[in-house]
Amino acid sequence: MLAGRLHVTERALRMESVPVPEPGRGQVRIKVAAAGVCLSDVHLIDGTLTPLNLPGDVVTLGHEVAGVIDALGEGVEGWQPGQRVLLQAGERDRRGTALTRGVDYDGGWAEYALAREDTVVLIPDALPFEHACIIPDAVSTPWAAVTDTARVRPAEAVGVWGVGGLGAHAVQLLLLVGAAPVVAVDPLPAARDRALMLGADVALNPKDVGFRDALLELTNARGLDVAFDFAGVTPVREQALTVLGPRGRLVLAGIAGQQVIIPSDTRFNYLGQAVLGHYGSEAEHVAQLVSLASQGRIDLTASISDVLPLADAEEAVRRVHDKQGNPIRLILRP
């Protein structure tokens with residue numbers, strides 16, 4: 001079968017022919033129907049990110065995967081061939097270590113993929129594979145950040161820095177939980193336009209001289225209740241801290257690999273503010289989103305920027321890296 005394999009030491013993505021994997025005990029084999037291309041995949045290729053728990057130096061990329069169960073391993077119960085499913089973006093080993101699909105073990109940029117039976121999630125016939133595959137990261141990561149880490153409440157003023165693959169979904173999900181106003185912040189005009197199309201109340205350019213005054217006016221001089229950094233850029237954190245209000249929370253959903261500096265502990269402490277780290281999501285968040293999508297509460301149609309053949313994975317990576325067409329998510333179809 002064809003698979004997109006990352007050779008870690010060389011930082012090279014190669015489309016290779018590999019054997020179709022056989023499911024072991026407690027595993028199912030999935031005939032992949034759709035797999036998302038995430039900025040994290042690009043960063044794995046360019047060396048910004050490195051697998052921490054990969055046993056070897058080659059891995060099939062792809063942590064956003066959906067398809068049809070093709071075969072069952074020994075001891076698998078409750079699943080059957082032909083069922084439409086998505087795969088959780090990772091799993092925990094016996095020691096509780098979080099392992100990421102397509103990073104620490106083979107993922108879904110392939111014709112077939114293996115999954116532990118407890119990481120498989122049933123999806124309804126009405127949910128397209130292209131929509132389902134991006135739920136376990138592009139949608140569930142901001143959903144977990146909004147509902148669990150930040151615990152956003154109705155009528156709270158929220159800012160979203162970075163309206164890319166994660167931030168675009170955050171805008172929609174914040175509307176779902178009743179945040180108001182929802183302020184999108186991005187230096188790219190196309191990203192700001194997209195945020196408004198998705199329902200943001202206002203879209204601001206962080207480079208504008210009057211940025212802080214404009215945001216404070218939107219919040220009646222109080223400032224933001226929650227600020228999300230989905231860009232993973234140090235200047236974002238610095239700017240967000242200047243417009244946080246009393247009891248305000250800055251949520252770091254983007255990873256910069258840099259220090260987080262609080263310029264004044266006096267103001268920070270007096271206002272009772274907080275900086276919260278966030279990473280990924282849990283199984284329940286994916287299940288919640290599948291239910292919401294099934295009930296028509298969220299529509300991911302606008303999230304699918306294009307669908308490419310698996311053989312064109314390198315082209316998809318280039319387009320994400322170059323932000324060609326300002327994509328939310330590109331999908332690979334075997």
Side-chain angles (χ1 to χ4, degrees), residues 11 36-52 61 63-64 89-90 98 100 102-103 134 136-146 148-150 152 158-174 182-188 190-192 194-195 198 200 203-207 211 224 226-244 248-263 273-281 285 303 305 317 319-324 326-330:
R11 296 297 174 178
V37 180
C38 176
L39 188 58
S40 296
D41 298 312
V42 177
H43 287 164
L44 285 164
I45 296 168
D46 68 21
T48 304
L49 298 177
T50 297
L52 297 178
L61 293 174
H63 56 275
E64 297 180 337
T100 302
V103 179
I134 68 172
D137 180 21
V139 191
S140 67
T141 293
W143 178 245
V146 167
D148 268 5
T149 300
V152 175
V158 181
V160 175
W161 272 258
V163 194
L166 298 179
H169 293 112
V171 167
Q172 300 171 76
L173 298 168
L174 285 164
V182 174
V183 183
V185 184
D186 201 293
L188 298 177
R192 296 196 299 273
R194 176 169 65 200
L198 294 173
L204 300 178
N205 184 344
K207 297 181 179 181
F211 170 83
L224 295 173
V226 187
F228 288 98
D229 170 22
F230 286 107
V233 179
T234 297
V236 165
R237 288 100 183 261
E238 295 172 346
Q239 185 177 58
L241 283 168
T242 68
V243 291
L244 273 187
R249 292 95 75 196
L250 169 59
V251 180
L252 309 182
I255 298 175
Q258 301 294 324
Q259 292 181 338
V260 178
I261 298 175
I262 298 171
Q273 296 172 340
V275 177
L276 304 171
H278 179 80
Y279 182 79
S281 63
H285 299 118
S303 300
S305 303
V317 168
R319 287 169 59 176
V320 172
H321 177 272
D322 296 343
K323 294 183 169 56
Q324 181 180 333
N326 194 24
I328 298 179
R329 268 300 186 268
L330 299 180

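The figures that follow rest on heavy atoms only: side chains count, while hydrogens, waters and symmetry mates do not.
Between Leu204 and Arg192 there is no side-chain heavy-atom pair separated by less than 4.5 Å. Residues Val183 and Val158 fail the side-chain proximity criterion, which asks for heavy atoms closer than 4.5 Å. For the pair Val139 and Leu173, the minimum side-chain heavy-atom distance is below 4.5 Å. Side-chain contact check for Val185 versus Phe211: some heavy-atom pair is nearer than 4.5 Å. Taking 4.5 Å as the limit, some side-chain heavy atom of His169 sits within range of a side-chain heavy atom of Ser303. Between Phe230 and Val160, some side-chain heavy-atom pair lies under the 4.5 Å cut-off. The side-chain heavy atoms of Leu276 and Leu252, taken from C-beta on, include no pair separated by under 4.5 Å. In this structure the side chain of Val236 reaches within 4.5 angstrom of the side chain of Val233, judged on heavy atoms.
The distance from the NZ atom of Lys207 to the CG atom of Asp186 is 10.0 Å, given to the nearest 0.5 Å. Remark: Trp143 CH2 to Gln172 CD distance equals 12.0 Å, nearest 0.5 Å. With values rounded to the nearest 0.5 angstrom, Ser140 atom OG is found 10.0 Å from Ile134 atom CD1. Taking CH2 from Trp161 and CG from Leu250, the interatomic distance works out to 8.0 Å, rounded to the nearest 0.5 Å. Here the CD atom belonging to Gln273 is positioned 7.0 Å from the CG atom belonging to Leu241, to the nearest 0.5 angstrom. Thr100 contributes atom OG1, which lies 4.0 Å from atom OH of Tyr279 (distance to the nearest 0.5 angstrom).
At least one donor-acceptor pair closer than 3.5 Å links the side chain of Gln239 to the backbone N or O of Pro206. A donor-acceptor pair under 3.5 Å is formed between the side chain of His278 and the backbone N or O of Thr141. The main-chain N or O of Leu44 is found under 3.5 Å from a side-chain atom of Arg11 such that the two form a donor-acceptor pair. Glu64 contributes a side-chain N or O that, together with a main-chain N or O of Ala138, makes up a donor-acceptor pair within less than 3.5 Å. For the pair Arg249 (side chain) and Ala274 (backbone), a donor-acceptor distance under 3.5 Å is absent.
Scanning all heavy atoms of the two residues, the minimum distance from Asn205 to Pro187 falls at OD1-CA, 3.7 Å. The two residues Ala150 and Phe228 make their nearest non-hydrogen contact at CB-CZ, 3.6 Å. In this structure, Asp41 and Gly36 approach most closely via the heavy-atom pair OD2-O, 3.9 Å. For the pair Val103 and Pro51, the tightest heavy-atom approach, listed with the atom from each and the gap, is O-CB, 3.4 Å.
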**Request:** Show the numbers, then the answer: is there a side-chain contact (heavy atoms from CB on, under 4.5 Å) between Val226 and Val251?
**Result:** CA-CA 7 Å; Val226 187; Val251 180; 4.2 Å; yes
**Request:** Go through the steps to decide whether Leu39 and His321 satisfy the test side-chain contact (heavy atoms from CB on, under 4.5 Å), and finish with yes or no.
**Result:** CA-CA 7 Å; Leu39 188 58; His321 177 272; over 6 Å; no
**Request:** List the steps and the verdict of side-chain contact (heavy atoms from CB on, under 4.5 Å) for Ile45 and Leu61.
**Result:** CA-CA 10 Å; Ile45 296 168; Leu61 293 174; 3.9 Å; yes
**Message:** Under the criterion side-chain contact (heavy atoms from CB on, under 4.5 Å), I'd like the reasoning laid out for Val37 against Arg329: C-alpha separation, chi angles, the key distance, then a yes or no.
**Reply:** CA-CA 6 Å; Val37 180; Arg329 268 300 186 268; 5.8 Å; no
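Defined by atom type and a distance below 3.5 Å, a donor-acceptor pair is present between the side-chain atoms of His285 and Asp148. A donor-acceptor pair shorter than 3.5 Å cannot be found between the side chains of His43 and Thr48. Looking at Ser40 and His63, their side chains never bring a donor and an acceptor atom within 3.5 Å of each other.
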